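A short worksheet on the structure shown next.
Keep in mind that this is a model prediction, so the values were computed, not measured. The sequence lines fix the lettering, A, B, ..., with proteins before strands; numbering per chain opens at 1.
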Number of protein chains: 4
Amino acid sequence: MVEAILEAAARILEDGGLAAFNTNAVAERAGVSVGSLYQYFPGKTALLAELIRRRRSELMDGLQREAASAEQRDLPSVVNGFIRAAIAHQLDRPRLATSLEYAEMMLPIDAETEALKRSIAETVASALALHGVPDPATAARDLSALTRGMVDTAGLFGETDTTSLERRVRRAVYGYLGIGLNA
Amino acid sequence: MVEAILEAAARILEDGGLAAFNTNAVAERAGVSVGSLYQYFPGKTALLAELIRRRRSELMDGLQREAASAEQRDLPSVVNGFIRAAIAHQLDRPRLATSLEYAEMMLPIDAETEALKRSIAETVASALALHGVPDPATAARDLSALTRGMVDTAGLFGETDTTSLERRVRRAVYGYLGIGLNA
Amino acid sequence: MVEAILEAAARILEDGGLAAFNTNAVAERAGVSVGSLYQYFPGKTALLAELIRRRRSELMDGLQREAASAEQRDLPSVVNGFIRAAIAHQLDRPRLATSLEYAEMMLPIDAETEALKRSIAETVASALALHGVPDPATAARDLSALTRGMVDTAGLFGETDTTSLERRVRRAVYGYLGIGLNA
Amino acid sequence: MVEAILEAAARILEDGGLAAFNTNAVAERAGVSVGSLYQYFPGKTALLAELIRRRRSELMDGLQREAASAEQRDLPSVVNGFIRAAIAHQLDRPRLATSLEYAEMMLPIDAETEALKRSIAETVASALALHGVPDPATAARDLSALTRGMVDTAGLFGETDTTSLERRVRRAVYGYLGIGLNA
DNA sequence: TATGAATGAGGATTCATTCAT
DNA sequence: CATGAATGAATCCTCATTCAT
């Protein structure tokens, strides 16, 4: 049930964005009553928050998997992993991603999501630091922002070819980090 | 009057995002009556559209100025100009920028803005094509997206130092284009 | 079970009044399921009605005990008994009493409670008639109203000293009945 | 408009009590839209509060008029005035009075009404103190409660004869104060 | 033209009641 | 019998838009 509601909510966001996101619509789309929605989520905001938390969590998992072996690999390899994870995570539902990002930015965010956000930033920053990247916190922020921008836009334009997009993102990231492409 | 309304609308978006953006609030903030707002704008959406159009137009002006002399300058110089124009345009009101970008993506956009958008893309693409960048349309899209992502995020984090941000964006862009930094 | 539900209902009324009185809250407070509540009471109103009936019944018992020996005692003594019974009954849970009185007045009351109400009035009226009080029905109504008003208010102000309150009510009642205080 | 809404609200309370008191019903009865109701009252509670404030204010006026000349008159005369004011105020719309009293007791009351309430109590208490009544604060409370109880109940029973009711209340009040009826 | 009161559809949330397990 | 998830009508409140002045 919780899954049905969350998936309905995701689809509403994909189709109509935050403007179309209302509890009645979500409930109807999920095939449940509004009452049931409120049985599982204290309110509209909580539903949105859970959607955000889940997406963040998925991304975190992908990045963490890459970060785990960061010590054993060289910087380009680690960074490639990050890029691949980010693309895999964000390319399929770009409109959903964009709506959640906007909501995340505007809404007063709960502590848990805030922590998750910070820990994502730190995961990336640590991996970069490990390989001697200067000002790793800023670099992590920049690279995330840059990647997110490119992938979201590519998604909105209907791109599905992961390989091409990955190559383009990599060029920008390598450039930012001062890694030669032949590296 | 129109100016007062538009500035009020911008401030509302900055303060509370799209959720706080309603005609009554805008009119009050502008110090005019709702009636007057409707005298000058057929509706809420039109007001938002005008805001978008103006911002786009400003960016367009900045880019065009750089593109005008593209033939006489080398690629790094042209690209630097674009970056500087984008940063100048977007760094000061990042919350406004983000809201407008979200609105632009979600709303059914009028033909005029659509044309403006396309012409921005073409302006950049042409300049890139002029210097032999392969697939200039995609490159223009990627570089815009990348820059927008970085600048918005920097703005939201309170950065105001244009120089540092410019240097970082440049590294990514140069990387993407395969221009050596010493070039 | 029935007792647990009724006590929970009473506590909810005490804490939050009629506004807070809903079946889910009562069931939860009683530690039973809503389903069980509906097993024993046909609905919310019936639960309230039972609460009213019980309180009325308790008061009736107290008054009847006094009325039973009315013939053998003089008017002041009988009246003292009534006052003491009313105070004992109403001083401990004034917020509950007030809510039930309000509900009783507003709700379409069932026949049984109506009969109980009438029989309380008649019990007092008869005792008064027995001692030559003129227009005993009106007097019974007036004295009940007067006592209820004073006791409820005293309760809401946190009074717990029965003796002082009793003395004050007695003065009013004696005055109403034209009984000298030294009688 | 404000008057129309308040009168509609009063009628709804009279007809159906607090349970029937909802913004849609009030607006419809007043012949205005819900929107208009919210133009003049920030919410349902504020509407109720205004109703309470007005009733309190009216009572206050009546009592104050009597209290003004308290020094020049003897106690029975002053008290008669209070009783007459209370009856005039409360006998005509007993169901409204009862609902407002219940609401006043249960709702978190705003500072202004609280002050009004206190000042009513003090007005009566001062007048009593002036004539040597011991513990005037408690006496004021008791007499108000007693009178309110009797008048409300009389009203609910359809009494309209002010003279008879006044005589009965006077007996109780005089008795409470230890004033001989022949005084 | 400017005003802002009035409108009412839309959307968030609650809660009495039912019913499958 | 007991449970409590599910339902959806009812209710509060907001806000885009209109229109009389």
What nitrogen or oxygen pairs link the protein and nucleotides 17-21 of chain F at under 3.5 Å?
unit_1: F:dT17; atom_1: OP2; unit_2: B:Tyr38; atom_2: OH; d: 2.9
unit_1: F:dT17; atom_1: OP2; unit_2: B:Lys44; atom_2: N; d: 3.2

Separation of F:dT11 atom C1' from D:Asn22 atom CG, nearest Å, is 7 Å

Side-chain contact check for A:Gln39: nearest option of F:dA5, F:dC1, E:dA5 is F:dA5

Salt bridge D:Glu50-D:Arg54, side-chain N to carboxylate O under 4.0 Å
yes

Expected list for residues 37-44 of chain B: side-chain donor-acceptor pairs under 3.5 angstrom, two or more places apart:
unit_1: B:Lys44; atom_1: NZ; unit_2: B:Phe21; atom_2: O; d: 3.0

By side-chain hydrogen bond (donor to acceptor under 3.5 Å, both in side chains), B:Arg11 pairs with (sequence neighbours left out) B:Glu7

Quick note, side-chain hydrogen bond (donor to acceptor under 3.5 Å, both in side chains) partners involving residues 17-27 of chain B, not counting sequence neighbours, are none

Note: contacts of residues 1-17 of chain B with DNA chain E (heavy atom, under 4.0 Å) are B:Met1

Check your understanding: Are D:Ser36 and E:dA5 close enough that a side-chain N or O sits under 4.0 Å from OP1 or OP2?
Key -> no

Whole-Å distance, D:Tyr40 OH to F:dC13 P, equals 18 Å

The side-chain hydrogen bond (donor to acceptor under 3.5 Å, both in side chains) partners of B:Glu101 (sequence neighbours excluded) come to B:Gln90

In whole angstroms, the gap separating P of E:dT14 from CD of C:Glu28 amounts to 14 Å

Contacts of D:Ala25 and B:Ala25 projected onto DNA chain F by closest heavy atom; the upstream (5') one is D:Ala25

- Determine the contact category for D:Phe41: base if any of its heavy atoms lies under 4.0 Å from a base atom, sugar-phosphate if only primed atoms, P, OP1 or OP2 are that close, otherwise nothing. nothing

Salt bridge (charged side-chain N to carboxylate O under 4.0 Å, His left out) pairs touching residues 16-36 of chain A, sequence neighbours excluded, are A:Asp15-A:Arg29

Quiz item: Is the distance from OP1 or OP2 of E:dG8 to the nearest side-chain N or O of D:Ser33 less than 4.0 Å?
Solution: no

Residue set satisfying side chain to side chain contact (heavy atoms under 4.5 Å, CB included) with B:Ser36, at least two apart, ordered chain then number -> B:Met1, B:Val32, B:Ser33

Note on DNA chain F: ranges paired as stems (three or more Watson-Crick/G-U pairs in a row, both atom distances under 3.5 Å) are E:2-21 with F:2-21

Residue pair B:Val32/A:Phe21 against DNA chain E: nearer the 5' end by closest nucleotide is B:Val32

Residues at least two apart in sequence or cross-chain that pass side-chain hydrogen bond (donor to acceptor under 3.5 Å, both in side chains) with C:Arg56, listed by chain then number, are C:Glu104

Taken to the nearest whole Å, CG/C:Leu37 to P/E:dA16 is 10 Å

Practice problem: Ignoring hydrogens and angles, tell me if any N or O in the side chain of A:Arg93 forms a donor-acceptor pair with the backbone of A:Thr98 under 3.5 Å. | Solution: no

For residues 94-114 of chain C, the ring pair (Phe, Tyr, Trp, His ring centres under 6.0 Å) pairs (sequence neighbours left out) are C:Tyr102-D:Tyr102

Whole-Å distance, C:Leu47 CG to E:dC15 C1', equals 14 Å

Salt bridge (charged side-chain N to carboxylate O under 4.0 Å, His left out) pairs touching residues 30-42 of chain A, sequence neighbours excluded, are none

